[in-house]
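For reference, the structure is listed below as structure tokens.
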Amino acid sequence: MENRYGTLAAWVYHLDKPIGRSFGDIAFYRQRLKGCGGPILEPAAGNGRVLIPLLEAGLDMRGFDASPEMIALCREACVARGLPAPIDLQRFETFSYAERFAAVIVPAGSFQLLTEPESARAVLRRFHDALLPAGRLIVDLDPLSSLTDAPGAVRQWQAGEDVLTLREDRVARSFARQTTLSQLRYEHWRGGTLVASALELFHLRFWGLLEFELALREAGFSNIVVSGDYRHGCLPDEDAAVFTFEATAAV
Ligand SMILES: C[S@@+](CC[C@H](N)C(=O)[O-])C[C@H]1O[C@@H](n2cnc3c(N)ncnc32)[C@H](O)[C@@H]1O
């Protein structure tokens, strides 16, 4: 199964991107959501890296994720902080809530985990239908240039006596489909002995700026603003590392 975020992947994510670790995104989302008059949904909220600081800022957050292991880390971190843990096990493709949201946010390029364009377009419609009239969708995307990135390095993290390693190898890339497929090899070592290993397939799709804008319009969004590197309203330049789309659902 692709994009699984199983036990070792979730552990590595939590070591590499703990609660509150920001790439400029947390301050940006906090600012964009300031004074938001209603509940906010973060699909694919993972370990709560973004969700928990937004909860702590007083925002009325909900989240879901497809990985039970990521959800467990998020819940544990909420409990440790004496916060409610408003996260449940759901998927982009099928999520549903009784309430509607003032905003839906998808930081960290998680939308790109939807690699079939038809499925991605259906999810945009699902986001639209989950929003209150004039509710906002805010989505981060990596630039198309990431299609040519060449991973291959080994990274490692120390957690007490445990050492976690991750090797990423590109196994396929399609310019026609705008996708990359990588093998993620996780290992857990202790005292020089291999305790566990896991292989995950990591599949991403990259979007052109105009292509994503058209997909948003098709899903019923308007007032579309594209920003580069978390400078709201500043068009991305050639070197932008992240694009953020903000759009409004039809009234
Ligand atoms: C890059 S992490 C992002 C976590 C968090 N939003 C953040 O900004 O740190 C991507 C998350 O997407 C989740 N995910 C993958 N496929 C999913 C799907 N189809 N539906 C919901 N979540 C999914 C993974 O379990 C993982 O927690």
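Counting starts at 1 for both ligands and their atoms, in listed order. The first residue in the sequence is number 1, and the count goes up from there. Please read these numbers as outputs of a predicted model, since none were measured by experiment.
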Original post:
For R170 and S182, does a side-chain donor sit closer than 3.5 Å to a side-chain acceptor?
Top reply: yes
Subject >> Per-atom contacts of ligand 1 with V50, taking only distances under 4.0 Å to non-hydrogen atoms >> reply: 8 (O)
**OP:** Walk me through it: do R177 and E116 pass the test salt bridge (charged side-chain N to carboxylate O under 4.0 Å, His left out)?
**Re:** CA-CA 9 Å; R177 299 186 63 242; E116 292 303 321; 3.0 Å; yes
Original post:
For the atom pair CZ (R62) and CG (L41), what is the distance rounded to the nearest 0.5 Å?
Top reply: 9.0 Å
Original post:
What residue and heavy atom of the protein are closest to atom 17 (C) of ligand 1, and at what distance?
Top reply: A66 CB, 3.7 Å
**OP:** Run the ring-centre check on F243 versus F212 and record whether the distance is less than 6.0 Å.
**Re:** no
Could you pull out all donor-acceptor pairs under 3.5 Å where a side-chain atom in residues 126-133 meets a protein atom, sequence neighbours excluded?
{"from": "R126", "atom 1": "NE", "to": "E93", "atom 2": "O", "distance (Å)": "3.1"}
{"from": "R126", "atom 1": "NH1", "to": "F95", "atom 2": "O", "distance (Å)": "2.8"}
{"from": "R126", "atom 1": "NH2", "to": "E93", "atom 2": "O", "distance (Å)": "3.4"}
{"from": "H128", "atom 1": "NE2", "to": "G220", "atom 2": "O", "distance (Å)": "3.3"}
{"from": "H128", "atom 1": "NE2", "to": "A250", "atom 2": "N", "distance (Å)": "3.3"}

Original post:
Between R49 and ligand 1, which part of the residue brings a heavy atom under 4.0 Å of the ligand: side chain, backbone, both or neither?
Top reply: side chain
**OP:** Quick one: look at P43 and ligand 1, take heavy-atom pairs under 4.0 Å, and tell me if it's side chain, backbone, both or neither.
**Re:** neither
Original post:
Any idea which part of A44 is under 4.0 Å from ligand 1, heavy-atom wise: side chain, backbone, both or neither?
Top reply: both
Original post:
Regarding N47 and Y5, is there a side-chain donor-to-acceptor distance under 3.5 Å anywhere?
Top reply: no
Subject >> E42 to ligand 1, any heavy atom closer than 4.0 Å >> reply: yes
**OP:** Answer with side chain, backbone, both or neither: which part of K17 has a heavy atom less than 4.0 angstrom from an atom of ligand 1?
**Re:** neither
**OP:** Examine D65 against ligand 1 and note whether any of their N/O atoms are separated by less than 3.5 Å.
**Re:** yes
Original post:
Tell me: protein heavy atom nearest atom 2 (S) of ligand 1, and distance?
Top reply: Y13 OH, 3.6 Å
Original post:
Is there any N or O on L113 that sits under 3.5 Å from an N or O of ligand 1?
Top reply: no
**OP:** Run the numbers for me: atoms of ligand 1, each under 4.0 Å from some heavy atom of N3, listed by number.
**Re:** 15 (C)
Original post:
Given that the side chain starts at C-beta and the backbone is N, CA, C, O, which of these parts of Y5 lies under 4.0 Å from ligand 1, counting heavy atoms, or is it both or neither?
Top reply: side chain
**OP:** Using a strict 4.0 Å cut-off to heavy atoms of E93, name the atoms of ligand 1 that fall inside it.
**Re:** 19 (N)
Original post:
Which atoms of ligand 1 have any heavy atom of S67 under 4.0 Å away?
Top reply: 25 (O)
